[in-house]
Q: 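One structure follows; several queries about it will come next.
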Amino acid sequence: MSRSGKGRKRTVTGRSRAAENGGSGRRPGIIARLWRLLRRLIWAVTWRATAAVALIVGLLVGWQALSMPPASELLDARTRGSVTLLDRYGNVFAWRGEQFGGQITAEMVSPHLKNAIIATEDRRFYRHFGVDPIGIAGAIRINLSEGRGPFEGHGGSTITQQTAKLLCLGRPYDPKRWESEAAYEADCRETTLARKIQEAIYALAMELRYSKDEILTIYLNRAYLGAGTRGFEAAAQRYFGKSAAEVNAAEAAMLAGLLKAPTRFAPTNNLRRAQERANVVIGLMEEAGYLSATEADRARANPAELSAAAEARAGGYFADWVMDQGPSFLTRETTEDVVIRTTFDPFIQAAAEEAVQYVFDNLVREGSKAQAAVVVMSADGAVRAMVGGRRFKGVAGQFNRAIQAKRQTGSAFKPFVYATALELGYRWDSLVRDEPLTIDIPGSGPWSPKNYDGAFRGPVTLAYALAHSLNVPAVRVSEAVGRDLVRQVAEGFGIHSDLASGPALALGASESTLLEMTGAYAGILNGGSSVTPYGLIELKLIGDETPLMGKGGGIGERVISEESARQLVYMMSRVITEGTGRRAALPDREAAGKTGTTQAARDAWFLGFTADYVAGVWMGYDDNTPLTGVTGGGLPAEIWRQTMLRVHEGLPPRPLPMIRPEQESSPAAPAAARGVGEARRQRRPGNIADRVIMELLGVILGNGR
């Protein structure tokens, strides 16, 4: 009985323990079942969410792909056009605006260029589907390790994604929405997470819509590559003077290297830095198997060099001036591609630049802030060269002292005083008194001009007075012929600046530009006709045969008679042979000119000509600081001489169009009678009134002629 009780008790106890054990044993099973259930739920939600996202992305990609235009319509989407400037020989010497060299395809470009781009930007380009997760992960890791945000710095973008960014994800530029094109492009380059997602979707759509070569073609044509170039064809033409289909390995590496930082690595900005960047690209091409070790070494040993036009970077000031000569809608603000044929001569430009550099390197104290400007033109006003300042190889838009700086002309104005006198009947050998003179100026009181050296020489010929730049005789002649007539002659020769109204007019108290003054001297050389300086010969749209504009200047109306001009040229030749401009003398040919130095030597000029070219030189400080020990017959005359020596290399000497007094067979007629008679015969209707001539005759006779 007791045993059976014990047995029952033991059985009950065992059951209770079993129950307890069974309960605790079931808990892990429940947790496992719950965990499996949770995993199934997560998986169900995840794959459904993923499917939904994939469906949405697929729909977005498909919609984007269907809305994309043909690839051929995406190659050139510039809002601005370009201007290509040709010199007098038909060669390109300058570019303005956004250059587009013409459409080029992935099949057309040099294999070296295609390989350089892929090796540098996206080695798996032909293997990925538009987005490269491996590349993105690597870029994020590098950015984070360098202390930047995940999408700051390295982007890991494929060429397809970069092309999507160049297309601004399909959003065209809208001037109504964007403050400027620069603001639009800045927004297109934004690299936020949201923008990266949009970029990836657009890249996938591009891969669906276009072939790989079509995507690469868009990229080749739209990438900005520095110096105003859009696309590799424009860049190859700009830097190397050849098509992108013709570049070698070294040139291709330099072009591909521009993609990282176009402005910084532009070879026109710093050739050495561009070559160093190209060496990096050559190494990447070698690693990718596009170049053998021998080919890579050869490319490094023969780095890419700029073309002659790109190396010279000549005519920046000239190009800016020509751009201002045409209407803005065809030049500075053009939306078309324009070509302008000009009068520019790169050899003469180089001569002027070298002359300025030579004088400042050898004859000017080191560190001087003095400036100089030079203009060279033909007798018809065709401008051949223009140096607007000592930094003549800078970028576009510099201050051009040749056309923008209005400065007092000093004695360089005196030829127009004597031109007026010659036209009225004076001769080169007419006499004028170099004696003390006082003129009462209403409202200012008495004014007494002085010669530069303070001395007086008594009666002198006009030729002597001009050659030695005597002030008193110039004032006497100006007062005798009438200031209004002097102004009329000066304006006729093209000096359109406001001319002084007082007697100091004769001494160059008026302001003018170097271009105006050089053009006026060209009028003296060409026989006495006015000249409008010009640089533009022809403007037309690229691809059109009919020009939209023709020459905008040249020889105009006659100002003085040819005989008067020939006498004046002779008088100006004596400035160089025996007067203040002796430093400008050329060893193998005749030259004529005039010095000019303003009060306190704030401006120094030398302008002159040979039978072939006219050149003007100005020197001074931008802030009007007086020059130290400089006159027009000093450094400006030396710059003029150095310029003309170089300009005339290889040109046979030609005589100046001037009188030859030593060859005259008969003595001159009495100056007063002969002069007045000539003036009556040569004057043109409305030029000089008879009353003025008769008054002049009395003045001349009173001056002891």
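For clarity, every value in this text was computed on a predicted model and none was experimentally measured. The first residue of the sequence shown is numbered 1, and numbering continues consecutively from there.
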Q: Are the side chains of E479 and I439 in touch, meaning some heavy atoms are under 4.5 Å apart?
A: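 Side chain of E479 against side chain of I439, heavy atoms only: contact under 4.5 Å found.
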Q: Looking at N451 and L470, would you say the former's side chain and the latter's main chain have a donor-acceptor pair under 3.5 Å?
A: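 Not at all, since once roles are kept as given, no pair shorter than 3.5 Å links the two residues.
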Q: If we only count heavy atoms from C-beta on, is the V339 to L86 side-chain gap below 4.5 Å?
A: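 Yes - at least one pair of side-chain heavy atoms lies under 4.5 Å apart.
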Q: Output yes when a side-chain donor or acceptor of S478 lies under 3.5 Å from a complementary backbone atom of V475, and no otherwise.
A: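 Not a single qualifying donor-acceptor pair exists.
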Q: If we count only N and O atoms by modelled type, under 3.5 Å, do the side chains of Q349 and E353 hold a donor and an acceptor together?
A: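 Per modelled atom types, Q349 and E353 side chains form a pair under 3.5 Å.
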Q: Classify the side-chain pair N400/Q404 by whether it contains a donor and acceptor separated by less than 3.5 Å.
A: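 Note: N400 and Q404 side chains miss the donor-acceptor criterion.
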Q: Looking at L607, L466, I576, which hits side chain to side chain contact (heavy atoms under 4.5 Å, CB included) with K594?
A: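 When L607, L466, I576 are each tested with K594, the side chain to side chain contact (heavy atoms under 4.5 Å, CB included) holds only for L466.
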Q: For Y570, enumerate each residue passing the ring-ring contact (aromatic ring centres under 6.0 Å, His included) test, keeping only those at least two apart in sequence or located in another chain.
A: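 For Y570, the residues satisfying ring-ring contact (aromatic ring centres under 6.0 Å, His included) (neighbours in sequence not counted) are W428.
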Q: Above 12 or not: heavy atoms from other molecules or residues under 6.0 Å from CD of E578?
A: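 Yes, the 6.0 Å shell around CD holds more than 12 heavy atoms from other groups.
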Q: Output yes when a side-chain donor or acceptor of T610 lies under 3.5 Å from a complementary backbone atom of A591, and no otherwise.
A: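 Not a single qualifying donor-acceptor pair exists.
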Q: Kindly indicate, with the supporting measurements, whether the criterion side-chain contact (heavy atoms from CB on, under 4.5 Å) is fulfilled by L651 and Y613.
A: CA-CA 11 Å; L651 289 180; Y613 291 106; 3.9 Å; yes
Q: Does the side chain of T518 reach to within under 4.5 Å of the side chain of P533, using non-hydrogen atoms?
A: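 Side-chain contact under 4.5 Å: no.
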Q: Side chains of S411 and T597: does their closest heavy-atom pair fall under 4.5 Å?
A: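 Sidechains of T597 and S411: no contact.
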Q: Can any side-chain N or O of R582 pair as donor or acceptor with the backbone N or O of G633 at less than 3.5 Å?
A: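 Checked: no pair found.
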Q: R407 pairs by side-chain hydrogen bond (donor to acceptor under 3.5 Å, both in side chains) with which of D603, T513, T598?
A: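 Result: among D603, T513, T598, D603 is the only option passing the side-chain hydrogen bond (donor to acceptor under 3.5 Å, both in side chains) with R407.
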Q: Can you tell if the side chain of R641 reaches within under 4.5 Å of the side chain of R583, non-hydrogen atoms only?
A: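 With C-beta onward as the side chain, the pair stays apart.
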Q: Quick check: closest heavy atoms across V383 and M377, and the distance to 0.1 Å?
A: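 Smallest heavy-atom distance, with atoms named: CA-CB, 3.8 Å.
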Q: For the pair H648 (side chain) and M644 (backbone), establish whether a donor and an acceptor sit closer than 3.5 Å, ignoring hydrogens and angles.
A: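 Pair found, side chain donor or acceptor close to backbone of M644.
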Q: Under a 3.5 Å distance rule, please check whether W605 uses its side chain to pair with a backbone N or O of G410 as donor and acceptor.
A: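 No; zero donor-acceptor contacts below 3.5 Å.
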Q: Any side-chain heavy-atom pair from I639 and Q642 closer than 4.5 angstrom?
A: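 No. Closest side-chain heavy atoms not under 4.5 Å.
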Q: Please confirm whether the backbone N or O of P652 pairs with a side-chain atom of R654, one donor and one acceptor, at under 3.5 Å?
A: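 The answer is no, because no donor-acceptor pair under 3.5 Å joins these two groups.
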Q: Closest heavy-atom contact between F344 and D87?
A: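 Here F344 and D87 meet closest at O-CB, 3.1 Å.
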Q: Any carboxylate oxygen within less than 4.0 angstrom of a Lys/Arg side-chain nitrogen, looking at R96 and D320?
A: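 Yes.
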Q: Decide, yes or no, whether a salt bridge links E649 with R646 under the criterion of side-chain N to carboxylate O below 4.0 Å.
A: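 No, no charged N to carboxylate O under 4.0 Å.
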Q: Tell me whether R390 contacts the main-chain N or O of V356 through its side chain, where contact means a donor paired with an acceptor under 3.5 Å.
A: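 Between the backbone of V356 and the side chain of R390 there is no qualifying donor-acceptor contact (under 3.5 Å).
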Q: Considering residues at least two apart in sequence or located in another chain, which fulfil the salt bridge (charged side-chain N to carboxylate O under 4.0 Å, His left out) criterion with E590?
A: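 So E590 forms a salt bridge (charged side-chain N to carboxylate O under 4.0 Å, His left out) with R660.
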Q: Might you work through the side-chain contact (heavy atoms from CB on, under 4.5 Å) test for W618 and V375, ending with a clear yes or no?
A: CA-CA 9 Å; W618 167 86; V375 171; over 6 Å; no
Q: Once ring pair (Phe, Tyr, Trp, His ring centres under 6.0 Å) is applied, what residue pairs with a partner in residues 429-456 remain, sequence neighbours excluded?
A: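 Matches after skipping sequence neighbours: none remain.
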Q: With no hydrogens and no angle check, do the side chains of S378 and R384 hold a donor and an acceptor under 3.5 Å apart?
A: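 Side chains of S378 and R384: pair found under 3.5 Å.
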Q: Using modelled atom types and a 3.5 Å cut-off, is there a donor and acceptor pairing between side-chain atoms of S529 and backbone atoms of G523?
A: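 Absent.
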Q: When you measure from the side chain of R602 to the backbone N and O of N624, does any donor-acceptor pair fall under 3.5 Å?
A: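 Side chain of R602 to backbone of N624: a pair is present.
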